[in-house]
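A short write-up of the structure that comes next.
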Number of protein chains: 2
Amino acid sequence: MTLEEVARRAGVSPSTVSRILNGTARVREGKRKAVERAIADLDYHPNVMARGLAGGRSMSVGVITQDIASPFFNEALKGIEDSLARAGYAPLFVSGHWNASKETERMALLVARRVDGIIVLTGMIDDATLLTHAQRMPIVVTGRSLQGPGLFSISLANEQAGYDATRHLIELGHTRIAHIAGPEITADARDRLAGYRRALTEAGLPVDERLIAFGDFHETGGLLAINHLLESRLNFTGLFAANDQMAYGARLALYRKGIRVPEDVSLIGFDDLPSSLYTTPPLTSVRQPAYDLGKIAGEAMLRLIQGQPIPVTDLPLQIIVRESTLRRRG
Amino acid sequence: MTLEEVARRAGVSPSTVSRILNGTARVREGKRKAVERAIADLDYHPNVMARGLAGGRSMSVGVITQDIASPFFNEALKGIEDSLARAGYAPLFVSGHWNASKETERMALLVARRVDGIIVLTGMIDDATLLTHAQRMPIVVTGRSLQGPGLFSISLANEQAGYDATRHLIELGHTRIAHIAGPEITADARDRLAGYRRALTEAGLPVDERLIAFGDFHETGGLLAINHLLESRLNFTGLFAANDQMAYGARLALYRKGIRVPEDVSLIGFDDLPSSLYTTPPLTSVRQPAYDLGKIAGEAMLRLIQGQPIPVTDLPLQIIVRESTLRRRG
DNA sequence: CTGTTAGCGCTTTCAT
DNA sequence: ATGAAAGCGCTAACAG
């Protein structure tokens with residue numbers, strides 16, 4: 001089934017069919033009807049590649065994640081898929097594996113595929129490279145605030161959220177609060193750590209550097225960090241992990257040592273992954289609206305492609321209090 | 001940068017460049033060198049769409065999952081991405097949302113995008129439809145065993161694994177074993193349930209239908225199922241959940257009632273999600289090699305496209321014993 | 001409003 | 001072994 005056959009069957013020219021398909025120009029009602037019937041009769045679906053070649057658009061947008069199998073990114077991907085699908089665009093997912101050079105390579109792959117735009121979910125690529133790419137095609141990037149033509153960034157208030165999380169523990173009476181930070185190279189991790197420091201300082205509490213451990217944003221990282229803290233015989237009653245996965249690992253490490261959550265240690269995570277509702281005990285966490293983030297990124301991309309202005313949307317981070325944090329005893 | 005410019009720069013015809021790019025024919029060493037230099041100098045990347053239009057191949061394969069954000073599917077997607085990327089193919093992911101009609105619709109979308117093949121991860125589409133599609137393009141389907149030209153299926157021994165899981169509990173001395181099954185419409189769920197029944201029967205234990213609850217393969221389903229069982233005042237010391245997510249929900253429900261795992265109830269899941277290593281206690285589960293499954297599916301697709309024979313590979317399901325199951329006391 | 005005419009960048013006969 | 005030429009299916013000026 002080709003557009004030409006549709007045209008023949010409807011008794012019009014190919015251009016007319018194209019116009020109707022794309023809404024490029026007004027067409028007389030009669031012809032439109034005829035074409036629509038022909039399309040239905042023939043079960044015609046435009047060839048996306050031919051369209052792309054001729055029109056210069058591929059109807060696909062590239063999405064760079066760090067790890068396609070990470071629960072946090074996944075929620076975002078779902079949001080992206082949903083928003084893009086509505087406009088007939090298909091997402092092309094690639095993983096950067098937390099590696100700047102691999103990420104650059106994947107980006108080249110997307111460019112070769114002539115994607116109409118690229119959404120970068122918390123990438124490691126530097127700002128300058130991004131800005132350069134933005135000159136050739138629309139870019140939406142999350143996790144940093146960047147200004148530039150053809151580029152839209154969605155940043156979340158990580159510092160403030162890190163502050164709030166720590167503050168939550170302080171308000172529960174905790175004074176010895178440890179922090180498992182994420183990799184120092186990621187801006188998110190640095191901001192959350194900065195928030196932690198500010199909350200402590202503002203409350204007049206000392207910042208004990210030995211209470212700060214670094215993890216890899218995975219469960220193992222949390223586990224190792226806690227084991228390390230415990231071996232150093234440092235005590236603490238509050239613990240703020242820079243993401244939920246590390247909180248899970250930390251929780252297991254505590255369980256192994258017979259330290260109870262929340263009775264002995266209050267634990268707060270970050271991300272509020274869907275699974276955090278079902279840990280034992282259910283985890284208190286800073287909710288990052290991952291799905292919404294993806295959806296907004298997708299919609300922004302669509303607007304960018306069409307040259308429309310993008311409305312500013314607020315993505316509030318909020319603390320979801322569950323059962324892993326408790327007022328300090330005594 | 002187009003192929004023509006490369007040809008001009010290398011002093012050859014476009015066809016020659018094309019031949020070198022695709023390895024379609026032997027080309028004299030001198031010209032090949034010249035072309036390769038031109039490609040490097042110009043940083044040329046073939047236009048995938050033009051290629052697709054002319055050659056009839058899109059260098060992309062469609063992947064239908066039920067839920068792009070489910071941890072199990074995700075591991076598989078990662079495997080698919082890895083195997084496909086090596087051959088220059090890109091996966092196009094779509095979600096069927098456990099809904100047969102939506103799945104059919106998504107399939108049509110993939111066909112319209114002229115994918116070179118479709119991988120169906122445990123879909124709900126009926127066998128006949130799949131066989132029909134297989135006549136037009138390569139299909140790889142997991143979770144069922146189906147024979148046909150242009151079609152390759154990878155099935156896992158779900159019944160046997162269900163049997164093994166139940167058997168594990170029986171061997172630990174449990175006689176009252178409950179089962180949280182998945183949706184009856186899915187073959188996986190039915191098979192696991194059948195294995196559960198067989199293990200009980202073979203061991204001479206009665207199959208108490210009241211001890212079988214159905215869930216939706218999500219955490220909520222497990223939680224609800226256990227609440228239901230508990231309200232009916234049925235007692236049991238062993239529990240087999242048809243997937244890990246439902247096991248998580250069940251574990252929380254038990255925690256809420258003050259029933260300890262594994263001291264009071266031994267719990268075994270299915271899938272062995274990465275996160276099951278970090279639950280409290282770490283979950284005993286039947287390991288489904290999701291990543292390998294994806295990888296094998298991707299490789300099979302590549303072979304199918306190239307008309308090569310597909311080697312039979314065995315995907316063993318095995319029980320990973322952790323700390324959520326224990327010998328029955330007393 | 002609508003048809004005609006060029007391509008988009010590449011692959012693939014068909015000659016040579 | 002290699003070049004010339006004819007499309008793949010569609011969009012986008014350009015004329016009416």
Side-chain angles (χ1 to χ4, degrees), chain A residues 1-36 38-39 42-60 88-90 111-116 136-137 305-306, chain B residues 1-36 38-39 42-60 88-90 111-116 136-137 305-306:
Chain A
M1 290 308 102
T2 70
L3 179 145
E4 202 183 330
E5 296 183 61
V6 172
R8 212 161 31 222
R9 183 170 179 123
V12 299
S13 78
S15 346
T16 301
V17 178
S18 172
R19 286 181 186 111
I20 291 172
L21 248 30
N22 301 290
T24 322
R26 292 194 62 79
V27 173
R28 192 167 304 145
E29 196 53 25
K31 304 208 172 193
R32 136 166 287 115
K33 279 267 157 79
V35 169
E36 278 165 357
I39 289 177
L42 267 37
D43 190 30
Y44 165 77
H45 293 275
N47 182 319
V48 182
M49 287 182 298
R51 249 184 165 165
L53 224 209
R57 289 166 305 117
S58 64
M59 298 305 284
S60 63
Y89 278 82
V111 173
R113 289 218 165 233
R114 304 298 192 273
V115 292
D116 296 334
R136 317 201 109 276
M137 72 174 77
I305 290 175
Q306 289 157 19
Chain B
M1 289 305 101
T2 71
L3 179 147
E4 201 183 330
E5 296 182 62
V6 172
R8 215 166 23 227
R9 184 169 179 124
V12 300
S13 78
S15 341
T16 302
V17 178
S18 172
R19 286 181 186 111
I20 291 171
L21 247 29
N22 300 290
T24 322
R26 292 194 63 78
V27 173
R28 190 167 307 144
E29 195 54 25
K31 304 208 171 191
R32 136 166 286 116
K33 279 264 158 80
V35 169
E36 278 165 357
I39 289 178
L42 266 38
D43 189 30
Y44 165 75
H45 294 273
N47 181 321
V48 182
M49 287 182 297
R51 248 183 165 165
L53 223 209
R57 289 166 306 114
S58 64
M59 297 305 284
S60 62
Y89 277 82
V111 174
R113 287 219 167 232
R114 304 297 192 273
V115 292
D116 296 333
R136 317 202 109 276
M137 72 174 75
I305 289 175
Q306 290 156 17

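Reminder, nothing fancy here: chain letters follow the sequence lines and each chain counts from 1.
- Of the listed nucleotides (C:dG3, C:dC10, D:dT2), C:dG3 has the atom at the smallest distance from the side chain of A:T16.
- Around atom CD of B:E36, more than 12 heavy atoms belonging to other residues, nucleotides or ligands sit under 6.0 Å away.
- Residue B:R114 contributes atom CZ, which lies 8 Å from atom P of D:dG9 at whole-angstrom precision.
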(request) May I have the step-by-step check of salt bridge (Lys or Arg N to Asp or Glu O under 4.0 Å) for A:E5 and A:R9, ending in yes or no? (result) CA-CA 6 Å; A:E5 296 183 61; A:R9 183 170 179 123; over 6 Å; no
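- Comparing B:P14 and A:A50 by the nucleotide of DNA chain D that holds the closest heavy atom to each, the one mapping nearer the 5' end is B:P14.
- In this structure, the nucleotide among C:dC8, D:dA4, C:dC1 sitting nearest to the side chain of A:L53 is C:dC8.
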(message) Using the rule given for side-chain contact (heavy atoms from CB on, under 4.5 Å), can you reason through B:R113 versus A:N47, listing the C-alpha separation, both sets of side-chain angles and the distance that settles it, and then say yes or no?
(response) CA-CA 7 Å; B:R113 287 219 167 232; A:N47 182 319; over 6 Å; no
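- In terms of polar N and O atoms assigned as donor or acceptor, the side chain of B:R19 comes within less than 3.5 Å of the base of D:dG3 in a complementary pairing.
- For B:N22 and C:dT11, the shortest distance from a side-chain N or O to OP1 or OP2 is below 4.0 Å.
- When the C1' atom of D:dC10 is taken as reference, atom CD1 of A:I20 falls 15 Å away, rounded to whole Å.
- Residue A:S15 is in base contact, counting any heavy-atom pair closer than 4.0 Å across all strands shown.
- Phosphate proximity of C:dC1 to A:R28: absent, as no side-chain N or O sits under 4.0 Å from OP1 or OP2.
- Side-chain proximity of B:A54 to D:dC10, D:dT2, C:dC10: nearest is C:dC10.
- For B:E4 and D:dA5, the CD to C1' distance is 13 Å, given to the nearest whole Å.
- Each of C:dG9, D:dT2, C:dG3 was ranked by its minimum atom distance to the side chain of A:V12; first place goes to C:dG3.
- The two residues A:A7 and A:P14 have their closest heavy-atom pair at CB-N, 3.7 Å.
- A 4.5 Å side-chain heavy-atom check between B:V27 and B:V12 finds every atom pair outside the cut-off.
- Between A:R51 atom CZ and D:dC10 atom C1' the separation is 8 Å, expressed in whole Å.
- If you check every strand for non-hydrogen atoms under 4.0 Å, B:S18 touches a base.
- Put simply, CG on A:L3 is 12 Å from P on C:dG3, counting in whole angstrom units.
- Between the C1' atom of D:dG9 and the CE atom of A:M1 lies a distance of 13 Å, rounded to the nearest Å.
- Taking atom CZ of A:R26 as the reference point, atom C1' of C:dC1 lies 10 Å away to the nearest angstrom.
- Between the NZ atom of B:K31 and the C1' atom of D:dG3 there is a distance of 9 Å, given to the nearest Å.
- Applying the 4.0 Å criterion to OP1 and OP2 of D:dG9, one finds that A:T2 has every side-chain N and O outside that range.
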